[in-house]
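To keep things clear, I will list the structure first and then write my remarks on it.
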Amino acid sequence: MKAKKILFITQEMVPFSPETPKAKRGRFMPQSIQELGHEIRTFTPKWGNINERRNQLHEVIRLSGMNIIIDETDHPLIIKVASISVARMQIYFIDNDDYFMKRLMIEDADGNEYPDNGERAIFYARGVLETLKKLRWIPDVIHCHGWITALAPLFIKKAYADEPSFRDSKVVFSASSPEFKQDLGQHFADCIPFKTVKKSDYAEITAEKFGYDELQKLAIKFSDGIVLDDPNVNPDVLEYAASRNVPVLPYQEEDKAMQAYNDFYETVMG
């Protein structure tokens, strides 16, 4: 079966975020896949350092307005869009005053990691999936790229398993070397359950702690294919990926990555 529609749930992308290897892949991966003939959609968080005026972001009222409940608190979902005209791409931004407004990606300006990073990941994943339902766009492959996307595979395969938008979608997750140090903690683990998602779905992974590697393993458990996003993924995570008996794409250099991703999507589609 040939993949036609590819959804990218990404963590960062130039020119909206500072230029990093992950931000460059977040930007050029969707464009390259589109140029190979696929239809794409791309989502990214509206980090606090993204200049809305310079990048011409504007709110999409018809998609905004939903409240996402995390830890019994309502968090309004705000959807904004911007275009990269040279690539003929429209980018959807997930925003919220509590989790993203005036806040950076992992840590504040003083280098302190945000204590609610786990909750931000919950909000982002659920925000993307709820927005896609409203768009009524059904992806063949969903590629999750970056730590803040790591809960999307779990929600797609469990909470949204019967939704027409996701029922037949294959999920690919990009595993990477650690980006943060903190243990997300028991409180985060308690906040994840939603609809049919239960703590028992990830209990064996997070029995002792819930850090970066555990978050990666959780994503891997519910994915149909794994991409190694850099050459320094922790061996323990690699071993877990190998144990899942799903296709794994080794790290690819930039000049080969996009064609390799395209071929990998076809492999995952089976």
Side-chain angles (χ1 to χ4, degrees), residues 7-14 16-18 20-27 29-30 41-50 68 70-71 75 77-80 91-108 112-132 142-156 159-160 171-185 187-189 191-192 194 197 202 205-206 210-223 226-227 229-230 233 237:
L7 171 66
F8 293 95
I9 309 177
T10 194
Q11 176 171 302
E12 53 192 291
M13 59 188 306
V14 294
F16 309 107
S17 301
T20 65
K22 191 173 260 77
K24 289 174 66 177
R25 286 214 174 179
R27 161 67 174 83
M29 183 164 50
R41 294 287 186 276
T42 304
F43 283 80
T44 193
K46 213 298 284 182
W47 304 112
N49 59 351
I50 294 176
I68 292 179
I70 300 175
D71 194 27
H75 300 276
L77 174 62
I78 302 168
I79 307 300
K80 298 175 180 177
I91 313 301
Y92 293 88
F93 294 82
I94 298 294
D95 200 4
N96 171 264
D97 290 351
D98 299 322
Y99 291 135
F100 298 111
M101 185 178 182
K102 297 182 180 180
R103 301 179 70 188
L104 303 178
M105 192 175 303
I106 297 173
E107 57 189 24
D108 62 23
N112 302 306
E113 293 184 3
Y114 298 114
D116 61 352
N117 274 339
E119 293 177 41
R120 299 168 85 200
I122 294 172
F123 182 89
Y124 180 53
R126 287 176 52 187
V128 170
L129 301 180
E130 290 293 342
T131 303
L132 202 70
I142 301 172
H143 191 153
C144 303
H145 185 239
W147 70 266
I148 203 167
T149 75
L151 290 170
L154 166 64
F155 291 143
I156 292 165
Y160 293 88
V171 181
V172 172
F173 177 72
S174 287
S176 62
S177 53
E179 297 178 77
F180 60 78
K181 298 178 181 179
Q182 69 179 358
D183 185 337
L184 297 172
H187 178 71
F188 167 59
C191 289
I192 295 174
F194 167 65
V197 176
Y202 47 89
I205 295 174
T206 63
F210 208 143
Y212 189 86
D213 286 350
E214 288 71 36
L215 191 63
Q216 299 267 291
K217 290 179 182 179
L218 177 56
I220 290 168
K221 179 178 179 180
F222 292 95
S223 294
I226 310 301
V227 171
D229 197 48
D230 66 58
V233 178
V237 173

Test log, rule side chain to side chain contact (heavy atoms under 4.5 Å, CB included), inputs F173 and T149 | CA-CA 9 Å; F173 177 72; T149 75; 3.9 Å; yes
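- The minimum heavy-atom distance between P45 and I50, with the atom names listed, is O-CD1, 3.6 Å.
- Distance CG/D71 to CD1/I192: 12.0 Å, rounded to 0.5 Å.
- The two residues F188 and G118 make their nearest non-hydrogen contact at CE1-O, 3.1 Å.
- Distance check, rounded to the nearest 0.5 Å: OG of S176 to CG of D229 gives 5.5 Å.
- Side-chain contact between I122 and F194: absent, with no pair of heavy atoms (C-beta onward) separated by less than 4.5 Å.
- Side-chain contact between L77 and F123 is present, with at least one heavy-atom pair separated by less than 4.5 Å.
- The closest side-chain heavy-atom distance from I94 to I79 is below 4.5 Å.
- Ring centers of F16 and F93: under 6.0 Å apart, within the cut-off.
- Of the possible donor and acceptor atoms, none in the side chain of Y202 sits under 3.5 Å from a partner among the backbone N and O of K217.
- Side chains of E130 and Y160 form a contact here, defined as non-hydrogen atoms less than 4.5 Å apart.
- Of the possible polar contacts, none joining the E12 side chain to the K22 backbone as a donor-acceptor pair under 3.5 Å is found.
- With values rounded to the nearest 0.5 angstrom, E179 atom CD is found 10.0 Å from L215 atom CG.
- How far CD1 of I91 is from CZ of R27: 7.5 Å, rounded to the nearest 0.5 Å.
- Under the 4.5 Å side-chain criterion, counting only non-hydrogen atoms from C-beta, D97 is in contact with I78.
- Taking the ring centroids of Y92 and F43, they lie under the 6.0 Å cut-off.
- In terms of modelled atom types and a separation under 3.5 Å, the side chain of E214 and the main chain of G211 share a donor-acceptor contact.
- Side-chain contact between D230 and P21: absent, with no pair of heavy atoms (C-beta onward) separated by less than 4.5 Å.
- Side-chain atoms of H143 and V227, non-hydrogen and from C-beta on, do get closer than 4.5 Å to each other.
- Once rounded to the nearest 0.5 Å, the distance linking CZ of R126 with CD1 of I70 reads 6.0 Å.
- Of the residues listed (R120, H75, K46), the one engaging Y99 in a side-chain hydrogen bond (donor to acceptor under 3.5 Å, both in side chains) is H75, and it is the only one.
- Contact check for D116 versus R103: side-chain heavy atoms found under the 4.5 Å cut-off.
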Test side chain to side chain contact (heavy atoms under 4.5 Å, CB included) applied to F210 and H187, step by step = CA-CA 10 Å; F210 208 143; H187 178 71; over 6 Å; no
Determine, step by step, whether I9 and Y124 satisfy the side chain to side chain contact (heavy atoms under 4.5 Å, CB included) criterion, reporting the C-alpha distance in whole Å, the side-chain angles of both residues, the deciding distance to 0.1 Å, and the verdict.
-> CA-CA 9 Å; I9 309 177; Y124 180 53; 3.7 Å; yes
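- Contact detail for H145 and G26: the closest heavy-atom pair is CE1-N, 4.0 Å.
- Rounded to the nearest 0.5 angstrom, L129 CG and F155 CZ are separated by 8.0 Å.
- Remark: side-chain polar atoms of Y114 are not paired, donor with acceptor, to backbone N or O of M105 under 3.5 angstrom.
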